[in-house]
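Below: the structure, in structure tokens.
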Amino acid sequence: MPNQLSRRDWLKIMGIAAGSSALPFSSWAVNEKGEKILLPNNPLHQKLGKPVTAITCGAGSRGNVYGGYALAYPDQLDIVGVAEPIPIRNERYTKKHNIPEGNRFKTWEDVFKRPKFADAIIISTPDNLHYGPCMAALRMGYDVLLEKPISPSEKECRDILQLAKKNDRIVAVCHVLRYAPYFVKLKEMMHNGSIGEIISIQHMEPIMHVHMSHSYVRGNWHNSKETTPIILAKSCHDLDILKWMLDKHCKRISAFGDLKWFKKGNAPAGSTERCIDGCKIEAECPYSAKRIYYDKRTWLHHFDLPEEKNKQGEAIMEYLKNSNYGKCVYRMNNDQPDHYITNILFENNITAAFSMEAFTAYEGRRTRVMGSMGDIVGDMTAFTHTDFRTGKVTEWKQDSDTHGGGDWRLAADWVQAVASHNPALLTSTIDASIESHVMGFAAERSRKEKTIVEIKM
Ligand SMILES: NC(=O)c1ccc[n+]([C@@H]2O[C@H](COP(=O)([O-])OP(=O)(O)OC[C@H]3O[C@@H](n4cnc5c(N)ncnc54)[C@H](O)[C@@H]3O)[C@@H](O)[C@H]2O)c1
């Protein structure tokens, strides 16, 4: 675990990562699990005279990831307002960031009834509530940190791009993998001659069966019509990282996949509406809500629990009795595919095969890059490069943290970009990010209409 390593261990690891020279680091930071990550010193970053000020719309799980950055680096980011309809979240966020009473709002619309009072807006509302606050923010001259997906509609994505350009504002899309050292290094290796000419790539997103049940069967993203199809909700990161690493435009795409397992017809005999309703197979079901949330106390980041540990069990039980998180996974109104494959043709006839799989015991994206003079095989914590010319095998290693450490690195670059009004400090501006969303919409059309879709930007 990163928090058990000394600074020297880290420098050693990252020194290997960087090749011959170790990167200098500005400071220690922790991700939302409390694990230590290192933010590399970016020579383009300037010391700020005053912090960038921001208003958070949506103080849920992601709003708190970026809020956490402000708490760790108060000289860089100051959260001066919040819009959040759930009272306990609004209250906790207000307290954490010392937000003045007059800058607390129930809903994002209220923020924009006031004249502009900060540099930027952080949009971490649910998927179907990105477009409204983003367009309002751009109209009023705010810069934006926009959670992915940009929007569940292609037209809305394009509208946001157009308005950002017209009003000359910065919109950073939270394609956080672009900032993860693992993918940064992988991209470098793909383009520095190590594998010759890139021929093809295989990429897999193993969602992990419990993560699937939490987010896409029971949780916020269980219904594609109410939120976003899973190819965007989960895998816009993957389409984006493929396109970004190859640095080529996508020409054609085809997709297959459906919801095969989490359906009423597969409900075992003896199962009940809720896991705690006397379900006869609860003890042996891998998706038992009682085991996942109550016994093991895992996957709780969307639960609002009391701070006192001794009251948390009771609160979790309430969720199991009253929320979707307590329901049988075979009895939800979910429709997100649990297996989804996409074939992509990029410029220069490079092919990519992407699989999104719910039924794995593990997480961590697996990538294999095939080149004329070598190949690379990686799992997001390490990759192995083999040079066909010399037979030499080299390993690159990194201890994993959430999103490979990308979350706060994105926040750091975004703050700098806003402070200096320089979008070039970001690798995931809306201009750079929109094509991978268009790929996602095209994949979904291909899957539903059983056609190969041509991509035109
Ligand atoms: N970049 C990533 O890797 C990543 C990871 C997870 C989620 N996400 C995206 O981030 C966004 C938020 O996800 P989350 O996991 O934090 O969900 P969440 O449910 O924890 O947080 C969303 C918050 O928005 C609030 N909200 C709802 N309506 C609102 C309104 N009208 N005005 C203001 N706030 C409102 C909700 O009450 C909730 O607290 C989603 O779009 C999601 O897809 C991105």
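In each ligand, atom 1 is the first atom listed, and ligand 1 is the first ligand listed. Hydrogens, waters and symmetry mates are skipped; everything else that's a heavy atom, side chains included, is used. Each residue takes its place number in the sequence, starting with 1.
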- Indicate whether the side chain of Tyr69 and that of Gln76 have a donor and an acceptor atom separated by less than 3.5 Å. yes

- Query: Is there a donor-acceptor contact under 3.5 Å linking the side chains of Asp335 and Ser224?
  - Reply: yes

- Message: I'd like to know whether the aromatic ring centres of His214 and Tyr325 sit less than 6.0 Å apart in this structure.
- Response: yes

- Please step through salt bridge (Lys or Arg N to Asp or Glu O under 4.0 Å) for the pair Lys113 and Asp110, ending with a clear verdict. CA-CA 5 Å; Lys113 290 178 187 155; Asp110 297 338; 3.0 Å; yes

- Message: Would Lys106 count as being in polar contact with ligand 1, using the rule that some N or O on each side must be under 3.5 angstrom apart?
- Response: no

- Does Glu147, backbone or side chain, put an N or O under 3.5 Å from an N or O of ligand 1? yes

- Item | Which segment of His130 sits under 4.0 Å of ligand 1 when only heavy atoms are counted | side chain

- Indicate whether any N or O donor in one side chain lies under 3.5 Å from an N or O acceptor in the other, for Trp408 and Tyr179. no

- Item | Ligand-side contact atoms (ligand 1) for residue partner Asp127, heavy atom cut-off under 4.0 Å | 40 (C), 41 (O), 42 (C), 43 (O)

- Message: Which of the numbered atoms in ligand 1 are under 4.0 angstrom from any heavy atom belonging to Ile86?
- Response: 37 (O)

- Closest to atom 16 (O) of ligand 1 among Arg62, Lys148, Glu84 (heavy-atom distance): Arg62

- Query: Which heavy-atom pair separates Lys148 from His237 by the least distance, and what is that distance?
  - Reply: CD-NE2, 3.5 Å

- Item | Test item: Asp119 side-chain N/O and Val52 main-chain N/O as donor-acceptor pair under 3.5 Å | no

- Item | Heteroatom proximity flag, Cys174 to ligand 1, N/O under 3.5 Å | yes

- With a cut-off of 4.0 Å, which atoms of ligand 1 are near a heavy atom of Asn220? 17 (O), 18 (P), 19 (O)

- Message: If the contact criterion is a heavy-atom separation under 4.0 Å, does Phe105 count as touching ligand 1?
- Response: no

- Numbered in order shown, the ligand 1 atoms found under 4.0 Å of a heavy atom of Gly58 are 23 (C), 24 (O), 25 (C), 33 (C), 34 (N)

- Output the list of atoms in ligand 1 that are nearer than 4.0 Å to some heavy atom of Ala83, sorted by atom number. 33 (C), 34 (N)

- Query: Quick check: does Tyr66 get an N/O under 3.5 Å from an N/O on ligand 1?
  - Reply: no

- Item | Element-labelled atoms of ligand 1 that are located less than 4.0 Å from some non-hydrogen atom of His237 | 1 (N), 2 (C), 3 (O)

- Task: Ignoring hydrogens and angles, state whether a donor on the side chain of Arg89 or Asn64 is under 3.5 Å from an acceptor on the partner side chain.
- Result: no

- Task: Considering the heavy atoms of Thr125, write down every atom of ligand 1 situated less than 4.0 Å from one of them.
- Result: 11 (C), 12 (C), 24 (O), 33 (C), 34 (N), 35 (C), 40 (C), 41 (O)

